[in-house]
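Below, chains carry the letters A, B, ... as their sequence lines are ordered, and counting in each starts from 1.
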Amino acid sequence: MSLQVETQKIGTTLVVRLNGELDHHTAELVRQQVDQELDGDVFKNMIVSMERLEFMDSSGLGVILGRYKKVSQHGGKMALCAVTDSVRKIFELSGVLKILPLYDSEARALTEMGEA
Amino acid sequence: MSLQVETQKIGTTLVVRLNGELDHHTAELVRQQVDQELDGDVFKNMIVSMERLEFMDSSGLGVILGRYKKVSQHGGKMALCAVTDSVRKIFELSGVLKILPLYDSEARALTEMGEA
Amino acid sequence: MMENFMRLEFSGLSANESFARVAVAAFVSQLDPDLEELTEIKTVVSEAVTNAIIHGYEGQAGNVVVICRIEGQTVEIMIEDQGQGIADIEQARQPLFTSKPELERSGMGFTIMENFMDDIEIKSELGRGTTVRLVKTIRSAQVLGH
Amino acid sequence: MMENFMRLEFSGLSANESFARVAVAAFVSQLDPDLEELTEIKTVVSEAVTNAIIHGYEGQAGNVVVICRIEGQTVEIMIEDQGQGIADIEQARQPLFTSKPELERSGMGFTIMENFMDDIEIKSELGRGTTVRLVKTIRSAQVLGH
Ligand SMILES: Nc1ncnc2c1ncn2[C@@H]1O[C@H](COP(=O)(O)OP(=O)(O)O)[C@@H](O)[C@H]1O
Ligand SMILES: Nc1ncnc2c1ncn2[C@@H]1O[C@H](COP(=O)(O)OP(=O)(O)O)[C@@H](O)[C@H]1O
């Protein structure tokens, strides 16, 4: 599979690290794995870390917005971090950056979420 | 272009370093650049160094055998060095290794050629 | 002037989305695009091929066709399906419009294609299929005077 | 069981040899081949496509077609041209036989195809063209129990 999804629980925040290529084919993986975590545990917030995401198209945007809806329905916050230039462009075009904060690094995102 | 050809004169030996992919399309580059060196100067021997050759097919074999003919017509010796496994397999299949010595490293090939 | 052509046809399976991107990128790489241009081309191919699979064939079997033509520094890419077709192209092109919100589509596919390419043309007929034509001139090699 | 199909058609230009290798490798990569298997497949595609361009079309314009079919862990690759054709297939398959020694051909193309693949079939008709059919079962993924 061309995408690896790594999840880690830090305090009440779920950190999701994406490694590889996120498209319609691999979006299903993210949906399943993240929802399993979200449904099984009481997380408040979520950070999506994209340092090693080499490719993302609008299907990736869709799955991230879908998780954002879930998290905010439960009163949680969500943040993105460490995106490459081309991925940033897709977030910018969609206006997502008006609702989702984007941080340079995972550490910074964790601090802002109050987890560090 | 997907192949870089680097040539260096060491004593009476011409060292040819191939970097990238050697196929029918890029073989022409090797032919031109090496023949220009061979025709312009009096080299006795030749070493083809393949440490950074990522791909080679039988067109690569053809261009190397063509240079071998030229060098041996002038009483010179030729050696190959630092090939990857798949490239070695192509040399083996063709029986080329019965006439052309293969060394682990460029340094070793130079020693054997009497240049170091 | 460089002229080149390729036509790629494949099963409309989601596993082929990355294959289609890689194939088009390998074809276009002869124009010496920079990394940004190459990523933009990969992205739009991914968008249009995904649309053919999800919206065109809606999970039914069907082939997707990708045609690339190079003329000079310009590449023309056509992505075709023989699926459902689009009822209202104007509406489909609106940012954030999607007919499949239940599949968590973002509705940004056409907007991304418009932004990443120089030109886009959409032809569609209900019940017959859709063709998206995308054009981009690769500038990076020109700047270097290749 | 996995089933997948692709058909690639392109101008018979030497610049497309690497494109064809990359495209087939990207398609076959869904079977999780190891690096050796992938290199072998790239090599045989390169051999057959180069032959279509050099021997089939002899520098004339013409399209090359590459068809790949995946069934389970087995990939079938067909490389077709509509060029000169081969007069004597037996002779053509001999190691070191080449009809174009002046182009520094090594005559090892078919021998490499035979060695790197499980099966090879050559069909050719003078003046009509040549089809090479290559088959290989990818074993690496099976070992890992995918
Ligand atoms: N190949 C196609 N076949 C049928 N309908 C399509 C096709 N491509 C796009 N559409 C329609 O256009 C809409 C907008 O497409 P797009 O901007 O890519 O967003 P999304 O794919 O996220 O829905 C789709 O929701 C669909 O209704
Ligand atoms: N597609 C083709 N069309 C016509 N002749 C071909 C084709 N492929 C191979 N041949 C013939 O078969 C011979 C052997 O091919 P091959 O083993 O690949 O060696 P080489 O390409 O080095 O000549 C060629 O020299 C040519 O005469």
Side-chain angles (χ1 to χ4, degrees), chain A residues 1-5 16 18-35 38 46 48 50 52-73 78 80 83-100, chain C residues 10-22 24-25 33-59 64 79 92-117:
Chain A
M1 200 57 67
S2 56
L3 183 80
Q4 274 92 47
V5 185
V16 179
L18 303 177
N19 184 351
E21 310 206 334
L22 176 53
D23 62 6
H24 162 239
H25 185 64
T26 58
E28 194 49 38
L29 266 179
V30 179
R31 195 171 291 125
Q32 282 176 6
Q33 201 166 329
V34 172
D35 284 1
L38 288 181
M46 182 158 140
V48 184
M50 304 184 160
R52 292 192 291 167
L53 190 66
E54 287 147 25
F55 178 85
M56 188 189 87
D57 62 15
S58 77
S59 301
L61 195 64
V63 74
I64 286 170
L65 286 174
R67 292 331 100 216
Y68 169 69
K69 274 185 201 150
K70 274 204 145 185
V71 169
S72 51
Q73 267 161 16
M78 184 161 145
L80 308 171
V83 304
T84 60
D85 282 353
S86 57
V87 170
R88 176 198 297 264
K89 210 162 159 182
I90 288 173
F91 283 123
E92 272 167 4
L93 277 178
S94 66
V96 164
L97 298 184
K98 285 172 209 146
I99 52 169
L100 281 182
Chain C
F10 53 87
S11 311
L13 302 173
S14 65
N16 288 335
E17 289 155 5
S18 66
F19 159 61
R21 300 196 282 275
V22 171
V24 172
D34 62 24
L35 195 63
E36 191 186 341
E37 289 167 325
L38 210 57
T39 304
E40 287 169 348
I41 287 171
K42 277 188 185 177
T43 308
V44 300
V45 170
S46 202
E47 298 297 346
V49 168
T50 301
N51 280 352
I53 294 172
I54 298 185
H55 302 298
Y57 294 120
E58 294 194 297
V64 181
I79 298 96
R93 290 178 74 149
Q94 296 301 314
L96 304 176
F97 172 81
T98 179
S99 56
K100 297 216 185 308
E102 73 281 9
L103 294 184
E104 298 191 337
R105 306 299 302 159
S106 64
M108 287 300 294
F110 281 133
T111 308
I112 289 171
M113 292 184 240
E114 282 168 18
N115 268 275
F116 282 9
M117 301 296 278

Check whether any side-chain heavy atom of Ile112(C) lies under 4.5 Å from a side-chain heavy atom of Leu93(A), and answer yes or no.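 They are in side-chain contact.
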Does some side-chain heavy atom of Phe55(A) sit less than 4.5 Å from a side-chain heavy atom of Ser46(C)?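 In contact.
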List in chain and number order the residues that pass side chain to side chain donor-acceptor pair (under 3.5 Å) with Ser58(A), two or more places apart in sequence or in another chain; answer none if no residue qualifies.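 Ser58(A) satisfies side chain to side chain donor-acceptor pair (under 3.5 Å) with Glu47(C) only.
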With sequence neighbours left out, what residues match Asn16(C) under side chain to side chain donor-acceptor pair (under 3.5 Å)?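 Asn16(C): side chain to side chain donor-acceptor pair (under 3.5 Å) contacts with Asn4(D).
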Go through [options] and name the one with the most non-hydrogen pairs under 4.5 angstrom from chain A.
{"options": "Met108(C), Arg21(C), Glu40(C)", "answer": "Arg21(C)"}
{"options": "Ile54(C), Thr39(C), Thr111(C)", "answer": "Ile54(C)"}
{"options": "Ser18(C), Pro95(C), Ser106(C)", "answer": "Ser106(C)"}

Hey, which residues of residues 60-67 of chain A are touching chain C, say heavy atoms under 4.5 Å apart?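 Within residues 60-67 of chain A, the residues under 4.5 Å from chain C are Leu61(A), Gly62(A), Val63(A), Gly66(A), Arg67(A).
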Which residues in residues 98-105 of chain C have any heavy atom lying under 4.5 Å from a heavy atom of chain A?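 Result: Leu103(C), Glu104(C), Arg105(C).
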Is any NZ, NE, NH1 or NH2 atom of the basic residue among Asp57(A) and Lys42(C) found under 4.0 Å from an Asp or Glu carboxylate oxygen of the other?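 No.
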Evaluation steps, side-chain contact (heavy atoms from CB on, under 4.5 Å), between Thr50(C) and Asp23(A): CA-CA 9 Å; Thr50(C) 301; Asp23(A) 62 6; 5.6 Å; no
What are the two closest heavy atoms between His25(A) and Ala15(C), and how far apart are they?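 It is ND1-N, 3.3 Å.
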Which heavy atom of Leu96(C) sits nearest a heavy atom of Ser94(A), and at what distance?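 Closest approach of Leu96(C) to Ser94(A): CD2-O, 4.3 Å.
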In terms of heavy-atom pairs under 4.5 Å with chain C, which of Met56(A), His24(A), Glu21(A) leads?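 Sorted descending by pairs with chain C, the first entry is His24(A).
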May I ask you to check whether over 12 heavy atoms, not counting those of Arg31(A), lie within 6.0 Å of atom CZ?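 Atom CZ in Arg31(A) is crowded, with more than 12 foreign heavy atoms closer than 6.0 Å.
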